[in-house]
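Counting from 1, the numbers follow the sequence of the chain as shown.
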Amino acid sequence: MVQTRRSTGASAPIALTSSDSHPESSKRRKAASADELENATKKPARKKRKKTEDEPPTNSEAFPVRTSSPWKIGAHVSAAGGVENAVRNAAMVGANAFALFVKSQRKWDSPPLSVENVDAFKRRMQEFGYSPKHVLPHGSYLVNLGNPDEEKRQKSFNCFLDDLQRCEQLGLELYNFHPGSTVGQATKEESIALIAECINNAHKATKYITIVIENMAGSGNIIGSQFSELKGIIDHVEDKTRVGVCLDTCHAFAAVRASFSALQLFYRVLRDMISQQKMDGTSQCNAKHNRDLNHAVSTFDTEVGLSYLKGLHLNDSKTALGSKKDRHENIGLGTLGISTFRHIVSDPRTQDIPLILETPTFEATEIWTKEISALNCLSNLVDDSEVPETEHSLVNEITSLVRSHAVKKTEKASKTPARKQDAMEDPDSDCA
């Protein structure tokens with residue numbers, strides 16, 4: 001860095017020459033003296049310290065002990081300030097898996113990842129013991145690969161491909177995205193073919209990343225609320241080793257349609273599970289839950305294929321079955337209920353894949369810490385007689401924490417000036 005030269009004291013008298021006596025020379029001399037005086041009083045510019053340079057080794061004592069479990073439960077954490085911060089944020093909530101945005105989810109273009117960011121991300125992945133297969137990055141909300149407008153679809157594809165390339169820079173293996181919409185200008189079959197075409201082109205432009213299609217809640221012209229639609233996309237994909245599905249529990253619950261299908265049977269299973277929660281906790285009830293979940297997973301296996309299941313989003317629902325509304329609720333506080341999640345995190349078929357919370361935090365990540373802890377607790381239950389009391393206790397703990405932070409956030413919002421509050425709520429200000 002070029003440092004500003006400082007004056008060390010009063011300047012010595014300057015002997016005048018014949019040229020110095022000229023009025024213009026005098027003016028220039030005064031201006032130069034003023035500049036020197038100003039520079040002498042200025043502090044040199046402070047060099048910004050790169051967060052990723054020479055950072056101290058991780059102090060594991062500052063982070064909660066993570067539960068050792070075959071069910072990799074985590075949350076979609078913030079990457080604000082650099083993608084490498086997502087790793088620490090995941091560790092701070094006791095997560096064994098995590099999701100993140102690798103760039104702003106609401107901007108078409110973002111600055112490229114720096115070498116320092118990439119190196120720090122990989123270093124922290126090793127320090128905290130995270131496997132790339134347990135990280136499920138989430139795609140941009142702007143992307144619509146099913147848009148029949150070629151120019152708009154190409155813009156989406158460019159954003160989509162940039163995300164995939166960032167994931168490979170970071171050494172990640174999975175990338176989850178919302179498939180898109182017909183925008184009312186194409187049939188679903190046409191949009192499904194366009195989505196698959198984009199996936200094929202993205203595979204050719206990348207090395208190894210697996211593209212994971214998320215099921216949707218079923219509103220409007222959105223693709224992906226039916227198992228058959230997810231399967232339709234996969235059928236058109238050339239390299240089927242690099243495509244998969246992420247099931248969102250809230251989306252699945254919200255997306256029931258009037259026509260009978262394999263997916264409706266899945267929703268009916270979820271509804272039966274909820275009605276069973278009103279019964280006493282007996283071995284017979286738990287056996288019924290297990291049979292229902294087995295049936296649900298078997299339905300997905302028949303319609304799509306269990307080998308394509310690469311992750312789950314664990315979200316309770318604020319709305320009723322078939323609402324077609326994507327409204328996430330905290331675990332155990334919504335219409336899905338905590339028993340649904342207990343069976344998910346105790347089913348061997350959901351082991352070793354990222355199980356990601358996208359539940360409300362009210363700006364308090366300790367809610368995720370509690371939910372992750374609760375789900376890990378449920379996955380370890382072996383005595384059926386303990387189930388009702390444990391579930392009831394965990395729901396009460398989550399409820400108390402959520403209510404407390406919801407009140408705090410409301411009070412904080414009421415004291416924040418409207419303009420400042422708008423800036424705080426800008427999703428682009430925080431990549432999570």
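Without hydrogens or angle criteria, Ser156 side chain to Val143 main chain gives no donor-acceptor distance under 3.5 Å. The closest donor-acceptor contact from the side chain of Ser393 to the backbone of Glu389 lies at 3.5 Å or more, if one exists at all. Remark: side-chain polar atoms of Asn144 are paired, donor with acceptor, to backbone N or O of Ser181 under 3.5 angstrom. Side chain of Trp71 to backbone of Leu355: no donor-acceptor contact under 3.5 angstrom is found. Under the 3.5 Å distance criterion, the side-chain polar atoms of Thr182 are matched with a main-chain donor or acceptor of Gly184.
Glu197 and Asn201 are not linked by any side-chain donor-acceptor pair at a separation below 3.5 angstrom, with hydrogens and angles left out of the test.
A salt bridge between Lys318 and Glu329 is present, with a side-chain N of the basic residue lying under 4.0 Å from a carboxylate O of the acidic one. Look at Lys72 and Asp352 and you find no salt bridge, because none of the NZ, NE, NH1 or NH2 atoms lies under 4.0 Å from a carboxylate O. A salt bridge does not link Asp149 with Arg153: every distance from a Lys NZ or Arg NE/NH1/NH2 to an Asp or Glu carboxylate oxygen is 4.0 Å or more. Remark: Lys204 does not engage Asp239 in a salt bridge, criterion side-chain N to carboxylate O under 4.0 Å.
When all heavy atoms of Ile367 and Pro360 are compared, the closest pair comes out as CG2-O, 3.8 Å. Of all heavy-atom pairs spanning Gly146 and Ser191, the tightest one is O-OG, 2.8 Å. When all heavy atoms of Ala75 and Ile356 are compared, the closest pair comes out as C-CG2, 3.7 Å. Between Ser228 and Glu303, the shortest heavy-atom contact is CB-OE2, 3.7 Å. Looking at every heavy atom in both residues, Val118 comes nearest to Leu113 through CG2-CB, 4.0 Å. When all heavy atoms are compared, the tightest approach of Gly224 to Pro179 is CA-CG, 4.3 Å.
With sequence neighbours excluded, the residues satisfying ring pair (Phe, Tyr, Trp, His ring centres under 6.0 Å) with Phe98 are Tyr130. Qualifying side chain to side chain contact (heavy atoms under 4.5 Å, CB included) partners for Ser307, counting only residues two or more places apart in sequence or in other chains: none. Under the salt bridge (charged side-chain N to carboxylate O under 4.0 Å, His left out) criterion, Glu214 pairs with no residue at all, not counting sequence neighbours. Listed by chain and residue number, nothing satisfies the side chain to side chain contact (heavy atoms under 4.5 Å, CB included) test with Ser373 (two or more places apart in sequence, or in another chain). Listed by chain and number, the residues in a ring pair (Phe, Tyr, Trp, His ring centres under 6.0 Å) with His405 amount to none (sequence neighbours excluded). Applying the side-chain hydrogen bond (donor to acceptor under 3.5 Å, both in side chains) criterion to Asp109, with sequence neighbours excluded, gives no partner residue. Remark: Lys370 pairs with Glu397 by the salt bridge (charged side-chain N to carboxylate O under 4.0 Å, His left out) rule, at least two apart or across chains. For Asp235, the salt bridge (charged side-chain N to carboxylate O under 4.0 Å, His left out) partners are Lys231, not counting sequence neighbours. Qualifying side-chain hydrogen bond (donor to acceptor under 3.5 Å, both in side chains) partners for Asn330, counting only residues two or more places apart in sequence or in other chains: Glu371. Judged as a side-chain hydrogen bond (donor to acceptor under 3.5 Å, both in side chains), and not counting sequence neighbours, Asn89 has no contacts. For Asp326, there are no salt bridge (charged side-chain N to carboxylate O under 4.0 Å, His left out) partners two or more places apart in sequence or in a different chain. Residues passing the ring pair (Phe, Tyr, Trp, His ring centres under 6.0 Å) test with Phe362: none are found, sequence neighbours excluded.
Here the straight-line distance linking atom SG of Cys250 with atom CD of Glu358 works out to 9.5 Å at 0.5 Å rounding. Atom OG of Ser78 is separated from atom CZ of Phe101 by 10.0 Å, given to the nearest 0.5 angstrom. Of the inter-residue distances, the one linking His178 atom NE2 with Ile222 atom CD1 reads 9.0 Å to the nearest 0.5 angstrom. Atoms CZ and OG1, from Phe341 and Thr249 in turn, are 4.0 Å apart once rounded to the nearest 0.5 Å. Atom CZ in Arg403 sits 8.5 Å away from atom CG in Leu333 (nearest 0.5 Å). Note that CG of Leu161 is 11.0 Å distant from CD1 of Ile209, once rounded to the nearest 0.5 Å.
Considering only heavy atoms from C-beta on, Val183 stays 4.5 Å or farther from Lys152 through its side chain. Val245 is listed as a side-chain neighbour of Ile234, based on a closest heavy-atom distance under 4.5 Å. Asn147 is not listed as a side-chain neighbour of Lys155, based on a closest heavy-atom distance of 4.5 Å or more. Contact annotation: the side chain of Leu306 approaches that of Phe300 to within less than 4.5 Å [non-hydrogen atoms, C-beta and beyond]. Counting only heavy atoms from C-beta outward, the side chains of Glu127 and Arg123 approach each other to under 4.5 Å. Between His251 and His328, some side-chain heavy-atom pair lies under the 4.5 Å cut-off.
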> So Phe63 and Phe128, ring pair (Phe, Tyr, Trp, His ring centres under 6.0 Å) or not? Walk me through it.
Replying inline: CA-CA 10 Å; Phe63 298 87; Phe128 289 98; 4.9 Å; yes

> Given Asn396 and His392, is the side chain to side chain donor-acceptor pair (under 3.5 Å) satisfied, shown in steps?
Replying inline: CA-CA 6 Å; Asn396 284 343; His392 181 72; 3.2 Å; yes

>> For a side chain to side chain donor-acceptor pair (under 3.5 Å) check, start with the C-alpha distance between Asn117 and Ser114, then their side-chain angles and the critical distance, and finish with the verdict.
In response: CA-CA 5 Å; Asn117 290 143; Ser114 69; 2.9 Å; yes

>> Run Arg242 and Thr206 through side chain to side chain donor-acceptor pair (under 3.5 Å) and show every step you take.
In response: CA-CA 11 Å; Arg242 293 178 61 192; Thr206 53; 2.7 Å; yes

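Using bins of under 30°, 30° to 60° and over 60° for the plane-to-plane angle, the ring pair His138/His76 lands in the tilted bin.
Counted within 6.0 Å of NZ on Lys240, heavy atoms from surrounding residues, nucleotides or ligands total more than 12; the atom is thus considered enclosed.
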